[in-house]
Amino acid sequence: HCGRSTPDGADPCHLYSRGAGRVDVRKNLVSLCRECHSASHAGHEPSRNTLLNIVSRREGCTPDDITETVYRLRRDTRFKVWNLDAPKEN
């Protein structure tokens, strides 16, 4: 976001957090320096909307496409996990 590089490199930042059941896919990730990553989690810039715009430009799609993809993958993944626990039919 800021264009700075740090000696430690960049932190991967999820647009929609893994803790909320989101997925590790390119459309849900952006690299930030530690300062910007901390600021984002604290509710400051870069905001989720700012990051969505950055990722959508990088991916060549709209912010709505990013959100739809992440939520669809989450839904599909949850179904597959749930389905693995279901009894097998003979």
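Heads up: numbering here begins at 1 and tracks the sequence. Remember, it's a predicted structure, so these values are computed and weren't measured experimentally.
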(message) Determine whether a donor-acceptor pair (N or O, by modelled atom type, separation under 3.5 Å) exists between the side chain of S40 and the backbone of P46.
(response) yes
(message) Main chain of S47, side chain of E45: is a donor-acceptor contact present, judged purely on distance under 3.5 Å?
(response)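 Answer holds: yes.
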(message) Testing E35, R34, H41 one by one against H37 for a side chain to side chain contact (heavy atoms under 4.5 Å, CB included), which residue passes?
(response)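 Going through E35, R34, H41 one by one, the side chain to side chain contact (heavy atoms under 4.5 Å, CB included) with H37 is satisfied by H41 alone.
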(request) May I ask whether L29 and I54 are part of the same hydrophobic cluster, defined by side-chain heavy atoms of I, L, V, M, F, W, Y residues being less than 4.5 angstrom apart, directly or through others? (result)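 Different hydrophobic clusters.
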(request) State, with a plain yes or no, whether a side-chain heavy atom of L73 is found less than 4.5 Å away from one of V25. (result)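 Yes, at least one pair of side-chain atoms sits under 4.5 Å.
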(request) Would you mind reporting whether S31 and D11 have side-chain heavy atoms less than 4.5 Å apart? (result) no
Output the distance between atom [atom1] ([X]) and atom [atom2] ([Y]), rounded to the nearest 0.5 Å.
X   : Y   : atom1 : atom2 : result
L51 : I66 : CG    : CD1   : 11.5 Å
L52 : R57 : CG    : CZ    : 11.0 Å
K27 : S56 : NZ    : OG    : 10.0 Å
C13 : L32 : SG    : CG    : 4.5 Å

(message) Using the rule given for side chain to side chain contact (heavy atoms under 4.5 Å, CB included), can you reason through D24 versus H14, listing the C-alpha separation, both sets of side-chain angles and the distance that settles it, and then say yes or no?
(response) CA-CA 8 Å; D24 288 320; H14 292 82; 2.4 Å; yes
(message) Would you say that more than 12 heavy atoms from the other residues, nucleotides or ligands in this model lie under 6.0 Å from the CD of E59, or not?
(response)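 It does: E59 CD has more than 12 such atoms within range.
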(request) Considering non-hydrogen atoms only, spot the tightest contact between L15 and V30 and give its length. (result)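 The pair with the smallest heavy-atom distance is CD2-CG1, 4.3 Å.
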(request) Could you list the residues that satisfy side-chain contact (heavy atoms from CB on, under 4.5 Å) with E68, not counting sequence neighbours? (result)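 side-chain contact (heavy atoms from CB on, under 4.5 Å) check on E68 returns R72.
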(request) State which residues pass side-chain contact (heavy atoms from CB on, under 4.5 Å) with T62; sequence neighbours excluded, sorted by chain then number. (result) D64, D65
(request) Mind checking side chain to side chain donor-acceptor pair (under 3.5 Å) for T67 and listing every partner two or more places apart, or none if nothing turns up? (result)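 Listed in chain order: Y16.
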